[in-house]
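The next block holds one structure in the form of structure tokens; read it before the comments.
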Number of protein chains: 2
Amino acid sequence: MTATAARTPPRKRASNGAARRSEADEIGLDALVGHAGYAVRRFQIWIFQDFVRTLGDVEIRPTQYSVLTVIGANPGLSQMAVAKRLGIERARLVHLLDSLEQRKYVKRIKSKEDRRSHALHLTAQGETALAKFKGLAAEHERNVEAKIGKENREQLLRILAGFT
Amino acid sequence: MTATAARTPPRKRASNGAARRSEADEIGLDALVGHAGYAVRRFQIWIFQDFVRTLGDVEIRPTQYSVLTVIGANPGLSQMAVAKRLGIERARLVHLLDSLEQRKYVKRIKSKEDRRSHALHLTAQGETALAKFKGLAAEHERNVEAKIGKENREQLLRILAGFT
DNA sequence: TATTGTTATACTCTATAACTATA
DNA sequence: TATAGTTATAGAGTATAACAATA
């Protein structure tokens, strides 16, 4: 392969001395245009920021929300089970749970069957809080729908269902 | 809203003393199933890992690739312009460019028009290297296509085109 | 020997704030 | 005053390794 393979000719730049472009517009992405990963990254940045903003008052971030939701729907899971299911490192989950336990949303209960592991449960306060978080997360989801369209959101969910 | 709103009944767990589930399968995601952001996050983790693996030999990560590609296609851009176009913090771009400059892929040239700013260019070595990176990135993109299907990848790019 | 939870380390990335030199 | 680049800091997130208690 030569150095020119797949190279796009440099875009015409404002010549020296000419008026400089007023904005960071018109800058070509070249090969990035064809990369799904680039589009997905930019979309994820937008979607995370909207989630964090929408749930800003309750100070819940996406990862915390996912942990609370899975524990709420599957009480008694071990830390390993939650970590594997959500694709989180078990070492990281320790700190996430420390925080959620301090805030009285989650409790670790020593398992009698396997004394190495903890059974995870929501507290009563955690149940109430999670219901509120789900309402706000639904609001966030409506923002997503407004941004990309109802049909596109549904197609996206269908296309990526295998990764959840 | 009550605490029970939108709550899914807890899944049936293996009763105490019964055989425990062998794998972290069958764990319900509850409300996460309907969140585009969750699916996107999981997909992005997969896609980043494949990119990093596919370009592992050349030690180029997605962000570095995006910076090199934009500079290659738009020689002379300032750091601010690159940062804005790619949605990277300008403070972060400083370190990215430090690394790419050390590796002789990029050079910062003091602008004569505005002595505060640097015009960014690829070195000859950078041009050659980027061509190789693009070939590997195309290989990564074929992995994506194999994973989600040709049609789905194209739909994804179409749906998310507005975020690039 | 292997696994669970934990602690620790390193690096990537996001988000700010403040500083300098220029404009 | 405002902007470009830089330095610094803090927290989130990823990726490892190693350790104690337990299986």
Side-chain angles (χ1 to χ4, degrees), chain A residues 20-24 37 41-42 44-53 55-56 59-67 76-84 86-101 106-120, chain B residues 19-24 37-38 41-42 44-53 55-56 59-67 76-101 106 108-120:
Chain A
R20 305 180 74 203
R21 292 185 314 198
S22 55
E23 293 293 324
R41 167 179 164 254
R42 298 301 301 261
Q44 209 216 355
I45 290 171
W46 183 90
I47 213 166
F48 263 53
Q49 286 174 341
D50 186 84
F51 188 102
V52 169
R53 179 161 24 88
L55 280 86
E59 293 184 273
I60 287 291
R61 295 177 59 81
T63 310
Q64 296 173 311
Y65 176 73
S66 70
V67 169
L77 283 185
S78 69
Q79 295 185 196
M80 271 304 297
V82 170
K84 276 186 186 169
L86 291 176
I88 300 170
E89 286 296 321
R90 70 177 199 248
R92 171 156 166 61
L93 186 60
V94 171
H95 300 297
L96 285 166
L97 289 173
D98 286 349
S99 163
L100 294 173
E101 204 170 27
V106 167
K107 50 181 186 283
R108 290 164 160 119
I109 299 176
K110 292 228 169 192
S111 168
K112 293 182 177 178
E113 298 161 323
D114 183 341
R115 292 170 57 208
R116 292 172 302 183
S117 73
H118 296 156
L120 300 172
Chain B
R20 308 179 72 203
R21 293 185 314 200
S22 55
E23 292 293 323
Y38 178 72
R41 168 180 164 252
R42 297 301 301 259
Q44 210 216 354
I45 290 172
W46 183 89
I47 214 167
F48 263 52
Q49 286 173 342
D50 186 84
F51 188 101
V52 170
R53 179 160 22 88
L55 280 85
E59 293 185 273
I60 287 292
R61 295 177 58 81
T63 310
Q64 295 174 312
Y65 175 72
S66 69
V67 170
L77 283 184
S78 69
Q79 294 184 197
M80 272 303 298
V82 170
K84 277 186 184 167
R85 186 64 186 87
L86 291 176
I88 300 171
E89 286 297 321
R90 68 176 198 245
R92 172 156 165 61
L93 186 60
V94 171
H95 300 297
L96 285 166
L97 288 172
D98 286 348
S99 163
L100 293 173
E101 204 170 27
V106 167
R108 288 164 161 118
I109 299 177
K110 293 228 169 190
S111 168
K112 293 183 178 180
E113 299 160 322
D114 182 342
R115 291 170 56 209
R116 293 173 303 183
S117 74
H118 296 157
L120 300 173

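Residues A:V52 and A:P62 share a closest heavy-atom pair of CG2-CD, 4.0 Å. Taking every heavy atom of both residues into account, B:S78 and B:S117 meet most closely at CB-CB, 4.4 Å.
Evaluation of atom-type donor-acceptor distances gives no pair under 3.5 Å for the side chain of B:R115 against the base of C:dT22.
Contact check, B:S117 against C:dT22: no side-chain N or O comes under 4.0 Å of OP1 or OP2. For C:dT12, neither phosphate oxygen OP1 nor OP2 lies less than 4.0 angstrom from any side-chain nitrogen or oxygen of B:Q64.
Among the heavy atoms of the strands, none lies under 4.0 Å from B:I88. A:Q49 comes within 4.0 angstrom of the backbone, heavy atoms only, and of no base.
A:R108 has its side chain within reach of A:L120: a pair of non-hydrogen atoms, C-beta onward, lies under 4.5 Å apart.
One can place CZ of A:R61 at 11 Å from P of C:dT14, the figure rounded to the nearest angstrom. C:dT7 atom C1' lies 16 Å from atom CZ of A:R92, rounded to whole Å. When rounded to the nearest whole Å, the span between CZ of A:R108 and P of C:dG5 equals 9 Å. Put simply, CD1 on B:I45 is 18 Å from P on C:dT12, counting in whole angstrom units. As a whole-Å value, the separation of A:H118 NE2 from C:dT6 P is 5 Å. Following rounding to the nearest Å, A:L77 (CG) and C:dG5 (C1') show an atom-to-atom distance of 15 Å. Protein atom CZ of A:F48 is 15 Å distant from nucleotide atom C1' of C:dT12, rounded to whole Å. Distance A:M80 CE to C:dT6 C1': 13 Å, rounded to the nearest Å.
Remark on DNA chain D: of its neighbouring residues A:E89 and A:L96, the 5'-side contact belongs to A:L96, judged by nearest-heavy-atom nucleotide.
The CG atom of B:L55 sits 10.0 Å away from atom CD of B:Q64, with the distance rounded to the nearest 0.5 Å. Atom CD1 of B:I88 sits about 8.5 Å away from atom CD1 of A:I45, to the nearest 0.5 Å.
Every residue two or more places apart in sequence or in another chain was checked for a salt bridge (charged side-chain N to carboxylate O under 4.0 Å, His left out) with B:R90, and none qualifies. Applying the salt bridge (charged side-chain N to carboxylate O under 4.0 Å, His left out) test to A:R53 and every residue at least two apart in sequence or in another chain returns A:D50.
For DNA chain D, the outermost nucleotides in 5' to 3' order that have an atom under 4.0 Å from a heavy atom of chain B are D:dA2 to D:dA15.
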